[in-house]
Amino acid sequence: QVQLVESGGGLVQVGGSLRLSCVASGRTFSRYAMGWFRQAPEKEREFVTAISWSGRNLYYADSVKGRFTISRDNAKNTVYLQMNSLKTEDTAVYYCAASKVAGTKDVDEYDYWGQGTQVTVSS
C-alpha cells in the first residue's frame, strides 16, 4: 500500500514558479509509476504529467510541456513537480497519484491518491 501527501502549493503571480512535492509512505514506492493531476473548480480532473517507476520515462500534457518538469527520488520516497512560467489556467488543486501503469492519463488507472494541494496563479 501507498499513502501520498502533497505539499508546496500556494499563491503565485503569472510567470512565477512553484515546486510541489509528494511524499509516499511505505517501502514500495519505487514499484509504482507516479502522476500529477489537477482539478479546477467545476471541471474534471485532468492529467498533467507522469513518470515511470525508474524515472526514465516522462509524460506531459501538451498544456504544460516545456513549463513543468516531473522527477522522483525513490530513496526519499518523493515525487516532484517543478512548475515554471505559470499561467492563470494552471490554477487548480494538484494531486499526486500512484499507478501500476506507467504513463497512463486515465484517473481510473491510478490506485492511490493524495489529498491535494492548492495552486493559485493570479494576474
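With contacts defined as side-chain heavy-atom distances shorter than 4.5 Å, the pair Leu20/Thr117 qualifies. Between Met83 and Tyr94, some side-chain heavy-atom pair lies under the 4.5 Å cut-off. The closest side-chain heavy-atom distance from Gln3 to Tyr112 is not below 4.5 Å. Side-chain contact between Val79 and Ile70: present, with at least one pair of heavy atoms (C-beta onward) separated by less than 4.5 Å.
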(message) The test is side-chain contact (heavy atoms from CB on, under 4.5 Å); show your working for Val93 and Arg45 and say whether it passes.
(response) CA-CA 9 Å; Val93 176; Arg45 190 167 299 186; over 6 Å; no
(request) Evaluate side-chain contact (heavy atoms from CB on, under 4.5 Å) for Val14 paired with Thr88, printing each intermediate quantity in order. (result) CA-CA 6 Å; Val14 170; Thr88 56; 3.6 Å; yes
(request) Please step through side-chain contact (heavy atoms from CB on, under 4.5 Å) for the pair Phe68 and Gln82, ending with a clear verdict. (result) CA-CA 5 Å; Phe68 291 10; Gln82 178 66 48; over 6 Å; no
(request) Could you give me the CA-CA distance, side-chain angles and deciding distance for Leu4 and Val23, then say whether side-chain contact (heavy atoms from CB on, under 4.5 Å) is met? (result) CA-CA 6 Å; Leu4 309 172; Val23 180; over 6 Å; no
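A donor-acceptor contact shorter than 3.5 Å is absent between the side chain of Ser25 and the backbone of Val2. Put simply, the side chain of Thr49 never gets that close to the backbone of Tyr60: no donor and acceptor are under 3.5 Å apart. In this structure a side-chain-to-backbone donor-acceptor pair under 3.5 Å is present from Glu6 to Gly116. Under a 3.5 Å cut-off, the side chain of Tyr110 and the backbone N or O of Trp36 do not form any donor-acceptor pair. No donor-acceptor pair closer than 3.5 Å links the side chain of Gln13 to the backbone N or O of Ser122. Using a distance-only test at 3.5 Å, with no hydrogens or angles considered, no donor-acceptor pair links the side chain of Thr91 to the main chain of Thr120.
Nearest approach of Val12 to Gly16, heavy atoms of both residues: CG2-CA, 3.8 Å. Scanning both residues, Arg67 and Ser63, for their nearest heavy atoms gives NH2-O, 2.9 Å. Closest approach of Ala92 to Ala40, counting heavy atoms only: CB-N, 3.8 Å. Here the closest heavy-atom approach between residue Cys22 and residue Met34 is recorded as SG-CE, 4.4 Å.
Other residues, nucleotides and ligands contribute more than 12 heavy atoms inside 6.0 Å of the CD atom of Glu109. Under a cut-off of 6.0 angstrom, the local environment of CD in Gln115 is sparse, with at most 12 non-hydrogen atoms contributed by other residues, nucleotides or ligands. Counted within 6.0 Å of NZ on Lys76, heavy atoms from surrounding residues, nucleotides or ligands total 12 or fewer; the atom is thus considered open.
Geometrically, Lys105 does not engage Tyr59 in a cation-pi contact defined by less than 6.0 Å to the ring centre and at most 45° from the axis. Stacking of Arg38 on the aromatic ring of Tyr95 is not recorded, the 6.0 Å distance cut-off and the 45° axial limit not both being met. Figure legend: Arg72 and Trp53 shown without cation-pi pairing, the cationic atom not lying both under 6.0 angstrom from the six-membered ring centre and within 45 degrees of its axis.
Taking CG from Leu86 and CG from Leu18, the interatomic distance works out to 5.5 Å, rounded to the nearest 0.5 Å. Atom OG of Ser85 is separated from atom NZ of Lys87 by 8.0 Å, given to the nearest 0.5 angstrom. For the atom pair CG (Leu58) and OG (Ser52), the distance works out to 7.0 Å, reported to the nearest 0.5 Å.
The ring of Phe37 has its center closer than 6.0 angstrom to the ring center of Trp113.
When only modelled atom types and interatomic distance are considered, Asp73 and Thr78 share no side-chain donor-acceptor pair under 3.5 Å.
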